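One structure below.
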Amino acid sequence: MFYIYCPYCGEHREEEEFHPKGQAHLERPKDPEACSDEAWGDYLFFRDNPRGVHHELWVHAVGCRKFFNVTRHTVTYEILETYKMGEQPSITADAQGQPREAVAASRQEGVRA
């Protein structure tokens, strides 16, 4: 078992309290009526599935019930950071999917074993 840091509660909680909800930072088409069927289908059904750093949307289901974002390494399952909705990640992936600092920022670690 490991503990995930909730950026809203401000504390590490057991992983059973959280649920992943898919890829983070998806932008809905501005005008769905003018969107082609192919573009609308891509938005609804297709998601990135990288080997390496990935940004995901999670919810603290048993705690504050708020949605937040997680930067996670999909190979090691390591959570690199957590951050509130509307914020940008400080860790992104390089060309090989390895983590790199996007912005020098001091944040709480996303996970604690």
Side-chain angles (χ1 to χ4, degrees):
M1 172 182 310
F2 61 93
Y3 296 87
I4 299 174
Y5 179 78
C6 176
Y8 293 102
C9 295
E11 56 188 42
H12 288 83
R13 303 301 300 253
E14 294 179 358
E15 66 183 296
E16 285 84 12
E17 292 189 14
F18 301 92
H19 299 289
K21 294 297 182 181
Q23 184 177 341
H25 308 292
L26 293 175
E27 187 174 334
R28 182 182 174 95
K30 301 258 186 259
D31 185 9
E33 297 298 324
C35 193
S36 70
D37 288 343
E38 182 179 355
W40 186 247
D42 287 346
Y43 167 72
L44 289 177
F45 302 112
F46 293 101
R47 300 292 181 255
D48 294 338
N49 188 17
R51 182 177 174 90
V53 175
H54 186 56
H55 303 289
E56 301 171 339
L57 179 65
W58 284 57
V59 64
H60 191 177
V62 180
C64 63
R65 298 183 187 172
K66 292 186 179 180
F67 285 84
F68 62 95
N69 294 313
V70 170
T71 302
R72 184 174 68 86
H73 197 285
T74 59
V75 176
T76 63
Y77 202 69
E78 178 185 7
I79 294 178
L80 304 171
E81 69 177 338
T82 62
Y83 52 100
K84 295 178 180 180
M85 299 296 294
E87 294 180 352
Q88 293 299 312
S90 65
I91 299 172
T92 58
D94 64 12
Q96 290 78 32
Q98 297 303 311
R100 68 177 168 80
E101 293 290 325
V103 176
S106 60
R107 294 192 183 207
Q108 295 252 1
E109 279 188 26
V111 68
R112 181 175 63 186

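Please read these numbers as outputs of a predicted model, since none were measured by experiment. As a basis for the values below, the full set of heavy atoms in this structure was taken, side chains included, without hydrogen atoms, waters or symmetry mates.
- Qualifying side-chain contact (heavy atoms from CB on, under 4.5 Å) partners for D37, counting only residues two or more places apart in sequence or in other chains: none.
- Between Y5 and I79, the closest side-chain pair of non-hydrogen atoms is not below 4.5 Å.
- With hydrophobic clusters built from ILVMFWY side chains whose heavy atoms lie under 4.5 angstrom apart, V75 does not share a cluster with V53.
- Expressed to the nearest 0.5 Å, how far CD1 of I4 lies from SG of C9 amounts to 12.0 Å.
- Transitive grouping of hydrophobic side chains (ILVMFWY, heavy atoms separated by less than 4.5 Å) keeps M85 and L26 in distinct clusters.
- With sequence neighbours excluded, the residues forming a salt bridge (Lys or Arg N to Asp or Glu O under 4.0 Å) with E17 are R13, listed by chain and number.
- For K21, the side-chain contact (heavy atoms from CB on, under 4.5 Å) partners at least two apart in sequence or on another chain are H19, L57, V59, F67.
- A donor-acceptor contact under 3.5 angstrom links the side chains of H55 and T71, judged on distance only.
- Contact check for T82 versus N69: no side-chain heavy atoms found under the 4.5 Å cut-off.
- Under the 4.5 Å side-chain criterion, counting only non-hydrogen atoms from C-beta, F68 is in contact with F18.
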Assess whether side-chain contact (heavy atoms from CB on, under 4.5 Å) is satisfied between Y3 and E15, documenting all intermediate values. CA-CA 5 Å; Y3 296 87; E15 66 183 296; over 6 Å; no
Contacts under 3.5 angstrom, residues 38-50 side chains, donor-acceptor by atom type, not counting sequence neighbours:
residue: R47; atom: NH1; partner: Y43; partner atom: O; Å: 2.6
residue: R47; atom: NH2; partner: Y43; partner atom: O; Å: 3.1
residue: D48; atom: OD2; partner: Q23; partner atom: NE2; Å: 3.2

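- For E16, there are no side chain to side chain donor-acceptor pair (under 3.5 Å) partners at least two apart in sequence or on another chain.
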Go through H60 and Y8 one step at a time and tell me if the side-chain contact (heavy atoms from CB on, under 4.5 Å) criterion holds. CA-CA 9 Å; H60 191 177; Y8 293 102; over 6 Å; no
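- Applying the salt bridge (charged side-chain N to carboxylate O under 4.0 Å, His left out) test to residues at least two apart or on different chains, the pairs with a partner in residues 56-68 are E56-R72.
- Under the 30°/60° scheme for interplanar angles, the aromatic rings of H25 and Y83 are found to lie parallel.
- In this structure, R51 and T74 approach most closely via the heavy-atom pair CA-OG1, 3.5 Å.
- Between E81 and I91, the shortest heavy-atom contact is OE2-N, 3.1 Å.
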